[in-house]
Amino acid sequence: MNEQDLQRLLGYVPDLAGGLFYTIVLTPIAMASATILGVLFAIGLNAPRRIIRTPIQWFIEVARSIPELVHVFIWYEAFAIMGLVLPAIAAGIGALTVVFGAFLGEVIRAGVLAVEPTQWESGQVLGMSRWTIWRRVILPQALRTVLPVWSSYYISMYKATALLGLITVPDLLFRARGLASQNFRHFEIYTIVLVLYFIVGKASLAIIRRYERRLRVDVPKSEELTLLRHPLADHT
Amino acid sequence: MTSMTPAGASPGPGDDIPAVELIGVSKRFGSNMVLDSVDLRVRKGEILVVIGPSGSGKTTLLRCLIGLVPLDDGRIEIDGECVVDLRRGHPTPSARTAEAIRRRKLGMVFQSFNLFPHRTALENVMEGPVYVRHAPRDQARADAERLLAQVGLAERRHHYPAQLSGGQQQRVAIARALAMKPEVILFDEVTSALDPELTGEVLAVMEELAEQGQTMIVVTHEMGFAREVGDRLLFMDQGRIIEQGDPRTVLDAPQQDRTRKFLSKVLHTH
Ligand SMILES: Nc1ncnc2c1ncn2[C@@H]1O[C@H](COP(=O)(O)OP(=O)(O)O)[C@@H](O)[C@H]1O
Ligand SMILES: [Mg+2]
């Protein structure tokens, strides 16, 4: 590679990095809303009444069996045909929220089941309302339990944002394809894409793991608490 | 049954209202009659000790009182306010009203401590005041620190439950209940899960509470505590109150066969 090549290569970086910005910003936003949805699903799945549980079970079942890309097209194209025209970014976030919310709903529910049932009673005899018990007692424990699994979903979400390039969100992949279709430098451009995705992915993971450890300090490593952790949590 | 006033308590207005009153309280699990038309009155400041064989309904009695388990029949009044009345032809208060009364008046300590594992001792004690009574944080913290000092755990306030011994955890649990300033505290075999050398520290805390005039219903197998601290001893079997009275009298000269049998078993194993 001569100097000219290198110059050209570096010339692509600002544009691509601009695309990377979308990826970096979209991931936490979509993950935050997916987590909120997952928590709501988990609470719904725990409802004593079937009328609440069954539809949620079905929704999760269906949402999980559909390819992520199909979700994205449904939100962007199918909804538009039905009259709900969403900006590409909103449609993308909506689609990823539903897919990941469905997965996280199951994960968080497992975390909820791993909380000692007597914790409910402790809250009740202090006079807590159901909602306060969820918020202050059950969810903090359940979310800590599933944190390692949640982190691996975070990375999956990061990767899944590349799908939004297919519905015109100007993310890293979208811009790379645009550039490549103009100058046919596919090899160089995708090398940069690969490197950028790798660096940001690695960095996100490192940050999350660090945060994970910080949060876990709150939960002492007693035998009892190890038992409280759901088997799913051991998968990362 | 004998009537008695806690030593040193001076009668004042409202003192004749029982802290807790049960009328004909029944509870069954399937065909198993666990509480069989129980009548019970607990005076303010009274220390009521409940004993009885395993499965006699002691835990269920406490759980019905505090609302963890619904009754099948009967009426419960707490500090003069009805929380449930399932007797035919009587109006029963709404679940919301009942809960509000119980929340203000009752506290409970469990055999298995059931502290919040993700919160420190101090946070465990502050949780109720801050998130149920909406007390200001600073005040709740000061209260919690005082209570932890009272149960001898001032230095351990920033420890998590898993970093505390069973006896220490149980004392935190008592402080957590006290933080809500309940009229009556229910203790369900709070020393049964502890190593014998740790029961003393928990019983000492309870004895101190008793001296301060805290109304308590104590389910226990600690006959020494029953004798020394209890104002009244109640023996239950098969969901019924078989015998009750002054602890020394019941322990030394039980009137009923079943009480005698139970006591001879318990006292022999101790
Ligand atoms: N949730 C429940 N479901 C079915 N049976 C129960 C339940 N709780 C208690 N019981 C039964 O009620 C009886 C009394 O139990 P309990 O009140 O725990 O007695 P104690 O505390 O005196 O040992 C026992 O026979 C027990 O098996
Ligand atoms: Mg019991």
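Labels below follow one simple rule: chain letters A, B, ... track the order of the sequence lines, proteins then strands, and each chain is numbered from 1. Note that the structure is a prediction, hence the values are computed from the model and not measured.
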- pair B/Leu68-A/Trp120: side-chain heavy atoms closer than 4.5 Å: no

- Please flag which part of A/Gln119 lies under 4.5 Å from any non-hydrogen atom of chain B: side chain, backbone, both or neither. both

- Spell out the residues in residues 123-137 of chain B that have some non-hydrogen atom less than 4.5 Å away from a non-hydrogen atom of chain A, in order of number; otherwise answer 'none'. B/Glu127, B/Gly128, B/Tyr131, B/Val132

- Decide side-chain contact (heavy atoms from CB on, under 4.5 Å) for A/Val125 and B/Leu106; before the verdict, give the C-alpha distance in whole Å, the side-chain angles of both, and the deciding distance to 0.1 Å. CA-CA 8 Å; A/Val125 302; B/Leu106 299 182; over 6 Å; no

- Interchain contact, B/Arg176 with chain A, by part (heavy-atom threshold 4.5 Å): both

- Query: Nearest 0.5 Å, what's the OG1-CZ distance between A/Thr118 and B/Phe113?
  - Reply: 11.5 Å

- Query: How many angstroms lie between atom NE2 of B/His118 and atom CZ of A/Arg136, to the nearest 0.5 angstrom?
  - Reply: 7.0 Å

- Message: Using heavy-atom distances under 4.5 Å, tell me whether B/Met108 contacts chain A through its side chain, its backbone, both, or neither.
- Response: both

- Which heavy atom in A/Ser129 sits nearest to a heavy atom in B/Arg103, and how many Å separate them? N-NH2, 4.5 Å

- Task: Output the residues of residues 92-101 of chain B for which the shortest heavy-atom distance to chain A is under 4.5 Å, in residue-number order; output 'none' if no such residue exists.
- Result: B/Glu99

- For B/Thr215, the side-chain hydrogen bond (donor to acceptor under 3.5 Å, both in side chains) test, sequence neighbours excluded, returns none

Which atom pairs, one a donor and one an acceptor, fall under 3.5 Å between side chains of residues 143-153 of chain B and the rest of the protein, sequence neighbours left out?
residue, atom, partner, partner atom, Å
B/Asp143, OD2, B/Lys181, NZ, 3.3
B/Glu145, OE2, B/Arg157, NE, 3.4

- Message: Is B/Leu115 close to chain A through its backbone or its side chain, or both, or neither, when contacts mean heavy atoms under 4.5 Å?
- Response: backbone

- Message: Does B/Arg141 have more than 12 heavy atoms from other residues, nucleotides or ligands lying within 6.0 Å of its CZ?
- Response: no

- Item | B/Ile66 versus chain A, the contacting section by heavy-atom distance below 4.5 Å | side chain

